[in-house]
Structure formats: C-alpha cells, structure tokens
Amino acid sequence: MADPIIIAVPKGRILEEAVPLLQRVGIDPEDAFADEESRALRFRTSRDDIDLIRVRAFDVATFVAHGAASLGIVGSDVLEEFAYSEIYAPVDLRIGHCRLSVAEPAALAARDDPRGWSHIRIATKYPNTTRRHFEARGVGAECIKLNGAMELAPVLGLAPRIVDLVSSGRTLKENGLVEVETIAEVTSRLIVNRAAFKTRAEVVPLVDAFRRAVEPVAA
Ligand code: PRP
C-alpha cells in the first residue's frame, strides 16, 4: 500500500472542533488523538490510508507547505501571516471562529484615539499582518515578535499595545486589556499541498468530502 495521507491538525481549541468534523468526513481518529495528555504526535484513524499529526498551528502550514503533510487544518490568521505559495486553501471549515485584534490597557484606551496614531509599537505573533494592516492607513508599526503571552507586554513595558487572537475575550479581561480595533475575522481552513493535490489521487475526493461535511444540511 502507498504511504498514508497525512493530515496536520493544530493542538488546542481547534482540535476539539476538528474531531467531529473529521468524523463527518468519515475519518475517525484513535482515542489518543483528542487526549491532550497523550505525548504521541502521530495517530492512526479508521481509514488505513489516512494518519493524523498534532502540531502547533503555525507548524501545520509549514508541514503542508513542504509536503510533509498533504493536508492540514489551520486558521486564516496563519495563512494571512505567511502567504505560502505551495499551499492551496480550498475550503472554509467554519470552525475556530475568533478575531485578530489590537488591544491595549484599559487606562490607555480611555484617553487614546487610534485615528491620531502615526507610529506605534506592538507586541505580536503576527508582525507581517500587523505591519500590512497599519501601512494601509499610513501608520508605521514597529513589531516585537513574541510566540505567546502577548498580554504581558504592556504591563511590563515591552510594548504598549498588542495584536493577538481574541475568542471569548477572557484572556484580555484577566490581564486588564481592552480591544480597540479588529484587524480580521478568523476561521479555520482546509489546506492542501499543491503538488499532492495534483499527484495523489486520494486527495481530490478528500477535499470534496470536507466540502460536503461543512455544507449546511439540507432541510
Ligand atoms: C489564544 C490567544 C489568546 C487567547 C484568546 O491563545 O493567543 O491568548 O487564545 O482567547 P480568549 O479570548 O477566549 O481568552 P491560545 O490559548 O490558543 O494559546 P497560545 O497562547 O498557545 O496561542
């Protein structure tokens, strides 16, 4: 048998929503896949020809871009940040809803006017998207790249503002920050390695199966 098709799925919140979606596609992961305690990284499924890997969100795109995984599930935030030419993103999976926002301490927001910004310092995991967003309206954004815990940056003086994902808003609230601007609405996409799409016959029907699994159920 040919090597199994690998589908890369991000750890964390998207994974919970991805499991029922995968099941609707006809791919039932082994139990350890949804168990965050498990240290395994590669998992079998009910289909002998499909394995899953569980990696960080930004790494999903890297595995798929290099063809190490043929398909992946990843937020539109990651695709926006990296613009990989080797990746095709044919299906909005309508899971992982959140937004990419600018936030700052509540005390600063009370006297701040975003229309008056000309140069700002921002701590973020998304420097490319952030710079592009502000350049479009003539604001220079000096970005300090962090990989997590952006919310600490304002209070510790690293940067007065952050750009990060917001879902329930709880992380911002617990760290005394408020949203001042939304940069983008985010949902998860099915991504496919372009070469695999052309060369592996199993990939096209799989993409169609994902598309059908997210279509609204007919009344
Ligand atoms: C994301 C994001 C925020 C948080 C927002 O982090 O970076 O910290 O979720 O969610 P909320 O609005 O519901 O509080 P995540 O937990 O995905 O982990 P990460 O820090 O590894 O990105």
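The chain is numbered in sequence order, starting from 1. First listed ligand is number 1; within each ligand, the first listed atom is number 1. Not measured: the values here are computed from a predicted model.
Through chains of ILVMFWY side-chain contacts below 4.5 Å, Val155 is grouped with Leu152, Leu156.
Sorted by chain then number, the residues whose non-hydrogen atoms approach ligand 1 to under 4.0 Å are Arg13, Lys125, Glu151, Asp164, Leu165, Val166, Ser167, Ser168, Gly169, Arg170, Thr171.
Sorted by first and then second residue, the salt bridge (charged side-chain N to carboxylate O under 4.0 Å, His left out) pairs involving residues 127-142 (not counting sequence neighbours) are Glu80-Arg132, Arg137-Glu181. Among residues at least two apart or in separate chains, side-chain hydrogen bond (donor to acceptor under 3.5 Å, both in side chains) pairs with a member in residues 95-110 are Arg99-Glu179, Ser101-Glu179, Glu104-Arg161.
Judged purely by atom type and a 3.5 angstrom limit, Arg194 uses its side chain to pair as donor or acceptor with the backbone of Ser85.
Within 6.0 Å of atom CG in Asp113, more than 12 heavy atoms from other residues, nucleotides or ligands are found, so the atom counts as buried in its surroundings.
Using a 4.5 Å heavy-atom threshold, the side chains of Leu158 and Leu146 count as touching.
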